Amino acid sequence: MGISADREAELLAQVPTGLLIDGQWRDAAGGRTFDVEDPATGKTLLSIADASAGDGALAMDAAAAAQAGWARTAPRERGEILRRAFELVTERAEDFALLMTLEMGKPLAEARGEVTYGAEFLRWFSEEAVRISGRYSTAPDGKSRLLVNRKPVGPCLLITPWNFPLAMATRKIAPAVAAGCTMVLKPAKLTPLTSQLFAAVMMEAGLPAGVLNVVSTTAAGDVTGPILKDSRLRKVSFTGSTPVGQSLIRDAAENVLRTSMELGGNAPFIVFEDADLDKAVDGAMAAKLRNMGEACTAANRFIVQDTVADEFAEKFAARVGAMTTGRGTEEDTKIGPLIDGKSRDKVHALVSEALDGGAVALVGGEPEDGPGYFYRPTVLKNVPADARILKEEIFGPVAPIVTFSGEDEAVALANNTEYGLVSYVFTRDLNRGLRIGEKLETGMLGLNAGVVSNAAAPFGGVKQSGLGREGGAEGIDEYLYTQYIGIADPYAG
Ligand code: NAD
């Protein structure tokens, strides 16, 4: 059982292949295109327009031209567009799920989960659009009045990664639409098709021309560089790796742009001896193996109390070893391919170095033969404290386990990283959980939970994991600025 080739072809035929500029799907300058491939087979799925710097400039022009009118639309209207987009994505959930599976590789069941999660940002921000409020107050000396208003920041550049093709786009587009900002979206070149289809849905939902412009490209820096320098741009929101984020922050400094940065992670997953170990293993499966481990929130280091480490490792390895790898379109696939050969090689280098340093593979430890970029789900124990695999984002289905004996040691190990996106703690002692939460340098904490992402919650990190928050009540703030109007004493005559 699986998805038929006809069904795949029929879906791909519905994906717009042009650049979306000012409400029109256009060819790239010179008719340039690039191929998007299926990481499970290495075969080309579709060729789409490959934007140049000139195309990016046209997209920026369109966003700038649409900004003033869009900022004046009624909040309810913006909310209704998002609500319609939510309904449309939900109606087409199977299309979006299959498209993500085809271009990114994740199993269909997980892609369906991402559609639900990604669509939720549309619903959440459709509700937030009408809750943008300010205040009117009397100054402390009683003489003047203070009017505080929230306004859209203006045209935004949105840059998204390949690992969650729908959710990373809706998490930025929905609050920008709700706030009244126009935007240029540059999707990841490895998985642009979902953004292409989603942009078509936004247009169908009634988004005016120029509000959302999409420039898929193989030349990211060439296209985004001039946009970042354009004095009409007001904000850049980026999700991706820390080094690229750092370089965008440097570029943004020139124009003093607002920045939102959702960067890399190195999540600790701490298991105390009083934890329900079966629940901890369930949490570990979700935190590590979801999306083949290709998530910024993926548990990167399992830090387990020495008294229960062997039992946890055995139970975890038994579950991991039973996972079936395969093309995500096959219903029994639990682990799809990694995104490309480079990623697979990097994962294998980290594993090999750990094994050479004395780690033991309880399961996995090797890539699988092609076609496709598969890596066997792996659990490593006795991982040396200085192993590179504990310092770098693995971005693959590999779980390194280290042990600790006391609470302070667990916290020290967990905080020993330049990242601070998410942490996971498993314990039956709520006080301990909250205490550890206070000591961890982390933007988010899963307490007896292996998944924290929720459209209603503020997603984001500290340290080199980023700046700003997406989702929750905080998510729309990133797209609003505060304007204050000082008003003379109305009693002064
Ligand atoms: P990446 O940094 O290579 O690319 C991200 C995006 O930036 C892509 O669209 C890419 O084309 C673009 N890009 C690359 N170089 C650029 C440049 N010089 N100028 C402008 N744009 C450029 O990251 P990736 O490999 O696509 O994604 C994986 C990374 O993303 C991981 O580090 C992961 O942790 C991170 N991530 C973070 C979050 C989060 O919310 N914190 C979510 C998902 C992924």
Side-chain angles (χ1 to χ4, degrees), residues 34 36 39 50-51 53 56 103-104 106 114 117-118 121 157-172 184-192 194-195 214-229 233 236-252 257 259-267 290-300 338-340 342-344 346-347 392-396 417-422 442-444 452-455 457-472 475 478:
F34 69 102
V36 181
D50 188 357
E103 66 175 342
M104 189 273 165
K106 68 183 75 191
E114 183 179 342
Y117 172 56
F121 288 100
L157 174 62
L158 312 178
I159 304 176
T160 51
W162 50 263
N163 56 349
F164 291 98
L166 181 66
M168 296 303 98
T170 57
R171 205 159 81 169
K172 297 187 190 307
V184 176
L185 171 70
K186 198 221 69 69
K189 69 174 180 218
L190 294 167
T191 62
T194 305
S195 292
V214 182
V215 284
S216 295
T217 180
T218 53
D222 292 350
V223 172
T224 61
I227 296 177
L228 286 163
K229 288 199 170 72
L233 190 75
V236 55
S237 176
F238 170 76
T239 299
S241 60
T242 295
V244 174
Q246 287 165 330
S247 111
L248 291 171
I249 292 171
R250 277 191 288 271
D251 292 347
L257 296 174
T259 57
S260 301
M261 294 283 148
E262 298 287 352
L263 308 177
N266 183 359
R290 200 168 60 103
N291 226 41
M292 293 77 79
E294 293 172 315
C296 52
T297 51
N300 213 58
L338 296 183
I339 192 69
D340 58 15
K342 208 171 103 201
S343 297
R344 185 177 58 179
K346 185 203 160 181
V347 170
E392 292 186 17
E393 245 185 330
I394 304 168
F395 246 56
T417 167
E418 71 268 29
Y419 293 109
L421 186 61
V422 61
T442 187
M444 301 177 285
V452 294
S453 303
N454 192 310
F459 187 104
V462 296
K463 296 161 82 177
Q464 291 191 27
S465 287
L467 300 165
R469 293 295 179 265
E470 291 189 318
E478 304 279 317

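Values in this document were obtained by computation on a predicted structure and should not be read as measured data. Note that ligands are numbered from 1 as they come in the structure, with each ligand's atoms numbered from 1 the same way.
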If you draw a 6.0 Å radius around NZ in Lys463, do more than 12 non-hydrogen atoms from other residues or ligands fall strictly inside?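 Count over threshold, so yes.
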With the threshold set at under 4.0 angstrom, would you say [X] reaches ligand 1 through any of its heavy atoms?
X: Arg171; result: yes
X: Phe164; result: no
X: Pro243; result: no

Is it true that a side-chain atom of [X] and a backbone atom of [Y] form a donor plus acceptor pair closer than 3.5 Å?
X: Thr242; Y: Gln464; result: yes
X: Asn163; Y: Glu294; result: yes
X: Thr160; Y: Met168; result: no
X: Ser260; Y: Ser237; result: no
X: Asn266; Y: Asn300; result: no
X: Arg469; Y: Gly461; result: yes

Would you mind checking which non-hydrogen protein atom is closest to [atom], with the distance to 0.1 Å?
atom: atom 19 (N) of ligand 1; result: Thr224 OG1, 3.5 Å
atom: atom 2 (O) of ligand 1; result: Ser241 OG, 2.5 Å
atom: atom 18 (N) of ligand 1; result: Gly221 CA, 4.1 Å
atom: atom 42 (C) of ligand 1; result: Cys296 SG, 2.9 Å
atom: atom 10 (C) of ligand 1; result: Lys186 NZ, 3.9 Å
atom: atom 33 (C) of ligand 1; result: Phe395 CZ, 3.3 Å
atom: atom 35 (C) of ligand 1; result: Gly240 O, 3.1 Å
atom: atom 32 (O) of ligand 1; result: Glu393 OE1, 2.7 Å

Which heavy atom of [X] sits nearest to which heavy atom of [Y], and what is that distance?
X: Val36; Y: Leu190; value: CG1-O, 3.6 Å
X: Lys186; Y: Ala220; value: CE-CB, 3.8 Å
X: Phe459; Y: Glu262; value: O-OE2, 3.0 Å
X: Tyr419; Y: Gly264; value: CD2-O, 3.2 Å
X: Phe121; Y: Ala455; value: CE2-CA, 3.6 Å

Going by the atom numbers of ligand 1, which of them fall below 4.0 Å from some non-hydrogen atom of [X]?
X: Pro187; value: 9 (O)
X: Ala220; value: 11 (O), 13 (N), 16 (C), 21 (N), 22 (C)
X: Val244; value: 2 (O), 13 (N), 14 (C), 15 (N), 16 (C), 22 (C)
X: Asn163; value: 43 (C), 44 (C)
X: Trp162; value: 24 (P), 25 (O), 26 (O), 27 (O)
X: Pro161; value: 26 (O), 27 (O), 43 (C), 44 (C)
X: Thr160; value: 6 (C), 8 (C), 9 (O)
X: Phe238; value: 2 (O), 5 (C), 6 (C), 7 (O)

If you measure from each non-hydrogen atom of [X] to ligand 1, which part falls under 4.0 Å: side chain, backbone, both or neither?
X: Glu294; value: neither
X: Thr239; value: both
X: Glu470; value: neither
X: Leu263; value: backbone

In terms of side-chain geometry, is the basic nitrogen of Lys172 or Glu470 positioned less than 4.0 Å from the acidic oxygen of its partner?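 Yes.
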Nearest 0.5 Å please: distance from the CG atom of Asp251 over to the CD atom of Gln246.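 Between Asp251 CG and Gln246 CD, I get 12.0 Å after rounding to 0.5 Å.
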Do you see a protein non-hydrogen atom under 4.0 Å from atom 4 (O) of ligand 1?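 No, there is no protein heavy atom closer to it than 4.0 Å.
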